[in-house]
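Each ligand, and each atom within it, is numbered from 1 in the order the structure gives.
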Amino acid sequence: MKFSISSLAAGLSAVGQVAAAPCPTHPRPIRQIELGPRPYYLVNNMTDGPLKSKLQSCTETNMRASKWSIGHRGGAPLQFPEHSKESNMAGARMGAGVLECDVSFTKDRELVCRHSQCDLHTTTHIVARPELNAKCTQPFKPAANGKPASAICCTSDITLAEFKTLCAKMDSSNVTATTPKDYLGGTPNWRTDLYATCGTVMEHKEHIAMVEALGLHHTPELKAPLVKMPFQGNYTQQMYAQQFIDNYKTAGVPASRVLSQSFEYGDILYWLKSEPDFGDNAVLLDKSGDTPEAYAGAVKNLTMYARDGVKTVAPPLHYLVESNNGTMEPSAYAKRANELGLKIITWSLERSGPLAAVHAQGDYYYTSVRDLVKTDGDMYTLIDVLYRGANVAGVFSDWSATVTFYANCFKVGLF
Ligand SMILES: *[C@@H]1O[C@H](CO)[C@@H](O)[C@H](O)[C@H]1NC(C)=O
Ligand SMILES: *[C@@H]1O[C@H](CO)[C@@H](O)[C@H](O)[C@H]1NC(C)=O
Ligand SMILES: *[C@@H]1O[C@H](CO)[C@@H](O)[C@H](O)[C@H]1NC(C)=O
Ligand SMILES: *[C@@H]1O[C@H](CO)[C@@H](O)[C@H](O)[C@H]1NC(C)=O
Ligand SMILES: *[C@@H]1O[C@H](CO)[C@@H](O)[C@H](O)[C@H]1NC(C)=O
């Protein structure tokens, strides 16, 4: 348990100060990109060879932001609470040229940044706020009689004003917890609670204003509703998908700087038809090929997506690479998408912890190449096959520096 009562209290009083501020101040564009030690540590850990030599030749380069470096959940959730303003600012400092807001709606139909409509119980302190916990779909239940502690708290349970009083924390829960305070624990030991001191939660409009002020690009994701639609009887999926685009139009952001994502094919088709400029840049997220049988179907379906006008597909990392006689190579999915002229974006690097543990225990993002990744330096082998083999147009990362470094060395998407 790394979260103490005193830091919770400090966090809650900090919320009061934020709420009292008349209007948020916007950051200025970041000129001094800082990658920190991690990329250099990873390069040093690579096996000797041409790729390592190439990357070593770039270690004294002045770094720039890159559109190829996409900040997942802000760009720094390896160490900062996801979707907090602080995660976004850390991602931008590490050269992410595109910042992500996963979008969900509140009870009063305002759009906010959260990875899931119903993850407030693991990504904020909501269960430790009795008046808000009481509004949760399922308020906190302590572990008892061999049953794990649980809670389900959704953005649609509370208003925007209530949402803004929450503190963002690292995504975790403690299933043995008997108190709300203990339920907030459980951050994996390769992440950290060092910056989970009451992260600033963001609404979609604030995220847009921040990214504009930074002069970067946007990648919002329309998260699947976890409540029955139409919500409250008359808020339809199309109204939700339209409101999401309208937030950019109102802010005067051109469609060319917005990569709108969704896993729902219907959302992509809706944007292609109703908002063609935004539709042109829309990204179809694809997790339809997780099993070997389904994978073949996912590759086949690329033809249909291209025919329907989809321009960009975004599968997880492991769909794009395969292990071939001890070598990492581009996969059938990657080859087919390229043949069809589809752009590829992929997710998400730096979510898996140390690669030695991935090799030993397996991990979703490395499913197809588990045998080939043994030490952390192998991450750059994967990035290199994604870029030079699979022709990937952008990589989401939980620690933007890792991807930004490669992008600078190979001069990809630099601002
Ligand atoms: C989890 O909760 C239990 C019971 O409340 C507590 O004893 C333990 O310290 C907590 N662990 C973490 C990692 O927070
Ligand atoms: C990379 O790191 C691992 C784990 O610390 C270590 O066992 C391995 O020897 C390192 N490899 C190189 C080439 O430095
Ligand atoms: C939607 O339904 C709510 C009641 O749930 C009502 O107050 C509101 O006026 C309706 N809005 C529209 C656009 O029909
Ligand atoms: C491929 O598309 C068909 C038709 O839309 C759909 O039924 C099927 O689930 C898709 N398969 C995969 C693997 O996505
Ligand atoms: C597999 O790799 C080994 C050594 O790396 C090589 O000797 C062998 O010919 C390769 N086999 C095939 C089928 O490519």
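The sulfur atoms (SG) of Cys136 and Cys153 lie less than 2.5 Å from each other.
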Ligand 4: protein N/O within less than 3.5 Å of ligand N/O:
residue, atom, partner, partner atom, Å
ligand 4, 2 (O), Asn301, OD1, 3.1
ligand 4, 2 (O), Asn301, ND2, 2.4
ligand 4, 11 (N), Asn301, ND2, 2.9
ligand 4, 14 (O), Ser288, OG, 3.0
ligand 4, 14 (O), Asn301, ND2, 3.1

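Within the listing of ligand 3, atoms 5 (O) sit less than 4.0 angstrom from a heavy atom of Gln232. When each atom of ligand 3 is checked for a heavy atom of Asn234 under 4.0 Å away, the hits are 1 (C), 2 (O), 3 (C), 8 (C), 10 (C), 11 (N), 12 (C), 14 (O).
Heavy atoms only, all atoms of each residue included: Trp68 and Val392 are closest at NE1-O, 2.8 Å.
For Tyr248 and His218, the ring centers sit closer than 6.0 Å to each other.
Looking only at atom types and distance, the side chain of Tyr235 has a donor-acceptor partner in the side chain of Gln243 under 3.5 Å away. A side-chain donor from one of Glu275 and Gln242 sits under 3.5 Å from a side-chain acceptor of the other.
Taking the ring centre of Phe410 as origin, the terminal cationic atom of Lys54 falls inside the region bounded by 6.0 Å and 45° from the ring axis.
The aromatic rings of Phe80 and Tyr195 lie parallel to each other, with less than 30° between the two planes, well short of the 60° mark.
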